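Structure first, commentary second.
Bear in mind that the values here come from a model prediction, so they are computed numbers and not experimental data. All residue numbers in this chain count up from 1 along the given sequence.
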Amino acid sequence: MSDPTPFPMPRSTGCPLDPPPELTRLSREHPVTRVRLWDGSTSWLVTRYADARALLADPRISVDVARPGFPHTNAVSKARDARMKTLMQMDPPEHTANRRLLIPGFTVRRMRALRPRVQRIVDDLIDDLLAGPDPADLVEAFALPVPSLVICELLGVPYEDRGFFQDVAQSLVMDRADPGQALAASESLNAYLADLVVRRSADPGEDMLSELAVRQYLTGAMTADEIATMGQLLLVAGHDTTASMIALGTVALLTHPAQLHAVRDGDPAVIAGAVEELLRHLSITHTEARRVATEDIEIGGRVIRAGEGIIVVKSTANRDPEVFPDPDVLDVGRTGRSHIAFGHGVHQCLGQSLARLELEVVYGTLYRRIPTLALAIPWADLEFKEKAVFYGVRELPVTWRRTAKNRNHRAR
């Protein structure tokens, strides 16, 4: 195509739960094509499932944001990437070594031990929701606090500091934040976490920062700032993603009553399957997977040259009809985890087990405890976050019929 299409593409037409119509068209007609980015540069856009998986597993692509040709999301991310390097910007073997340090925090045993605390957080927030005003904004009252409080549990953030932690988290991921405000929030959080690492090294607990403080900081293997950067990565990668999935998943289910009933009345296996289908159907990473080629790569009948940027579109890959029959249909009865909502290859999301745990508890609790939950406004009036890193709904006004039954259905 001689004139590259601007990227990202708005969802101004069609269903806001579906990928932008132009992306869907490109996946059919030009699955590997050039697009124009915010700074005038061009990059390759890859939209089909097979090509997406092949590229994400290809060792000839890099996540190093310092490489010429890397397709930065926007000016804010480019400035932040220049200041702070995280696991998401590392290639093997550096990535392999650093990822290995965090793996113990996401084992099956750790997630099993964390589930009761996640359940308590969800139930407490539902109690507060039911005791508060009706209608309520489910984003502010429930979707945002759940992941921030869970990450506090994971990292070992003291209870008295959780208000600060949540405020900074929202500043980092807000799509309307001032660039200077976002960078200041990042620096403030890093300073807080570095101080917490030092404190945990003297008085360790059973949390992830304590483990890193004892095994890495006290041995001189890592500095407090390096560990703090890892902590910030977990927050940024795990906060708005899960919050968006909670709110957007609720929109999807409330507008598909049969699917909602299946989830509300389903056993744990049904709920786990629903989590996978909602992840596939919604694919909320709006900026997609960004890479740069280190060697020439032939893919989809095109040649991507070394030094050229690559954007892998997970939302259209997860709607590929060659892989998912009737891909635009939300069906919580689908089986398997073949979607790439968490990516693929060596950079597949490290915290996916935590995300699945949170979503299973949320979807398995919210609609059961509030069976009359409904949108308080027509869903066509909802405002979606078109320019955010993670696609979602800005506010979600909900209402319900108040009954004594709501309060008495906490998980046992």
Exercise for review: Look only at the side chain of Gln348 and the backbone of Gly345, and say whether a donor-acceptor pair between them is shorter than 3.5 Å.
Suggested key: no
Review point. Would you say the side chain of Pro19 lies within less than 4.5 Å of the side chain of Met9, judging by non-hydrogen atoms?
Key: no
Practice item. Test salt bridge (Lys or Arg N to Asp or Glu O under 4.0 Å) on Arg356 and Glu276 and set out the steps. Key: CA-CA 8 Å; Arg356 286 187 167 103; Glu276 301 306 323; 2.5 Å; yes
Review point. Do Ser201 side-chain atoms and Val214 backbone N/O form a donor-acceptor pair below 3.5 Å?
Key: no
Exercise for review: Give a yes or no answer on whether the side chain of Asp58 reaches the backbone of Ala54 with a donor-acceptor pair at less than 3.5 Å.
Suggested key: no
**Study point:** Arg291 and Leu55: CA distance, side-chain angles, deciding distance, side-chain contact (heavy atoms from CB on, under 4.5 Å) verdict
**Key:** CA-CA 9 Å; Arg291 306 288 192 268; Leu55 274 176; over 6 Å; no
Practice item. Kindly write out the residues that satisfy ring pair (Phe, Tyr, Trp, His ring centres under 6.0 Å) with Phe142, not counting sequence neighbours, or none if the list is empty. Key: none
Review point. Once you round to the nearest 0.5 Å, how far does CG of Asp134 lie from CH2 of Trp400?
Key: 4.5 Å
**Study point:** Audit row: Arg110, Glu211, salt bridge (Lys or Arg N to Asp or Glu O under 4.0 Å) steps and yes/no
**Key:** CA-CA 13 Å; Arg110 175 64 67 85; Glu211 291 180 7; 2.4 Å; yes
Practice item. State whether the side chain of Thr42 and the backbone N or O of Val35 hold a donor-acceptor pair below 3.5 Å, judged by distance alone. Key: no
**Study point:** Audit row: Gln89, Thr86, side-chain hydrogen bond (donor to acceptor under 3.5 Å, both in side chains) steps and yes/no
**Key:** CA-CA 6 Å; Gln89 291 94 33; Thr86 72; 2.8 Å; yes
Practice item. Look at the side chain of His72 and the backbone N and O of Asn74, then say whether any donor-acceptor pair between them is shorter than 3.5 Å. Key: no
**Study point:** Check: Ser148 side chain, Pro145 main-chain N or O, donor-acceptor pair, under 3.5 Å
**Key:** yes
Check your understanding: Is it the case that more than 12 heavy atoms not belonging to Glu160 sit under 6.0 Å from its CD atom?
Key -> yes
Check your understanding: Just wondering, more than 12 heavy atoms not from Met111 lying within 6.0 Å of its CE?
Key -> yes
Revision key, fill the gap. Here the gap from Met208 atom CE to Arg200 atom CZ, rounded to the nearest 0.5 Å, amounts to 13.5 Å
Review point. Is there a donor-acceptor pair closer than 3.5 Å between any side-chain N or O of Arg290 and the backbone N or O of Pro71?
Key: yes
Exercise for review: Give every residue pair that meets the salt bridge (charged side-chain N to carboxylate O under 4.0 Å, His left out) criterion with at least one member in residues 36-49, sequence neighbours excluded.
Suggested key: Asp3-Arg36
Check your understanding: Which is it for His95 and His347 under the side-chain contact (heavy atoms from CB on, under 4.5 Å) test, yes or no, and what are the steps along the way?
Key -> CA-CA 9 Å; His95 169 267; His347 282 279; 3.1 Å; yes
Exercise for review: Can you measure from CG (Leu279) to CD1 (Ile340) and round to the nearest 0.5 angstrom?
Suggested key: 12.5 Å
Exercise for review: Evaluate the ring planes of Tyr49 and Phe324, with Trp represented by its six-membered ring, and classify them as parallel (under 30°), tilted (30 to 60°) or perpendicular (over 60°).
Suggested key: perpendicular
Practice item. Can you measure from CG (Asp123) to CZ (Arg369) and round to the nearest 0.5 angstrom? Key: 5.0 Å
Exercise for review: May I have all residue pairs that pass salt bridge (charged side-chain N to carboxylate O under 4.0 Å, His left out) and include part of residues 246-270, sequence neighbours excluded?
Suggested key: none
Study note, to complete from the structure: side chain to side chain contact (heavy atoms under 4.5 Å, CB included) with Tyr363: of Leu278, Val332, Leu260, only one passes, and it is Leu278
Check your understanding: Has Glu322 got more than 12 heavy atoms of other residues, nucleotides or ligands less than 6.0 Å from its CD?
Key -> no
Check your understanding: Are the side chain of Thr219 and the backbone N or O of Gln216 linked by a donor-acceptor pair below 3.5 Å?
Key -> yes
Check your understanding: In Å, rounded to the nearest 0.5 Å, how long is the span from CG of Asp51 to CZ of Arg53?
Key -> 12.0 Å
Practice item. Find out whether Met230 and Met222 are in side-chain contact, i.e. whether some heavy atom of one side chain is under 4.5 Å from a heavy atom of the other. Key: yes
Review point. Which is it for Arg394 and Glu140 under the salt bridge (Lys or Arg N to Asp or Glu O under 4.0 Å) test, yes or no, and what are the steps along the way?
Key: CA-CA 9 Å; Arg394 200 173 303 284; Glu140 181 179 1; over 6 Å; no
**Study point:** Short N-O contact, Lys385 and Glu395, less than 4.0 angstrom
**Key:** no
Exercise for review: Taking Asp207 for its side chain and Ser210 for its backbone only, find out whether a donor-acceptor pair lies under 3.5 Å.
Suggested key: yes
Review point. Just how far is it from atom CG of Asp91 to atom CZ of Arg67, taken to the nearest 0.5 Å?
Key: 6.0 Å
Exercise for review: Would you please test Asp203 and Arg199 for salt bridge (Lys or Arg N to Asp or Glu O under 4.0 Å) and show each step?
Suggested key: CA-CA 6 Å; Asp203 184 22; Arg199 285 188 280 155; over 6 Å; no
Practice item. Just say parallel, tilted or perpendicular for the rings of Phe384 and Trp379, cut-offs at 30° and 60°. Key: perpendicular
Point to revise | Criterion side-chain hydrogen bond (donor to acceptor under 3.5 Å, both in side chains) on Gln119 and Thr365, from CA distance to verdict | key: CA-CA 8 Å; Gln119 185 69 61; Thr365 306; 3.1 Å; yes
Exercise for review: Taking His281 for its side chain and Ala252 for its backbone only, find out whether a donor-acceptor pair lies under 3.5 Å.
Suggested key: no
Check your understanding: When you check the side-chain N and O atoms of Ser186 and Gln232, is any donor under 3.5 Å from an acceptor?
Key -> yes
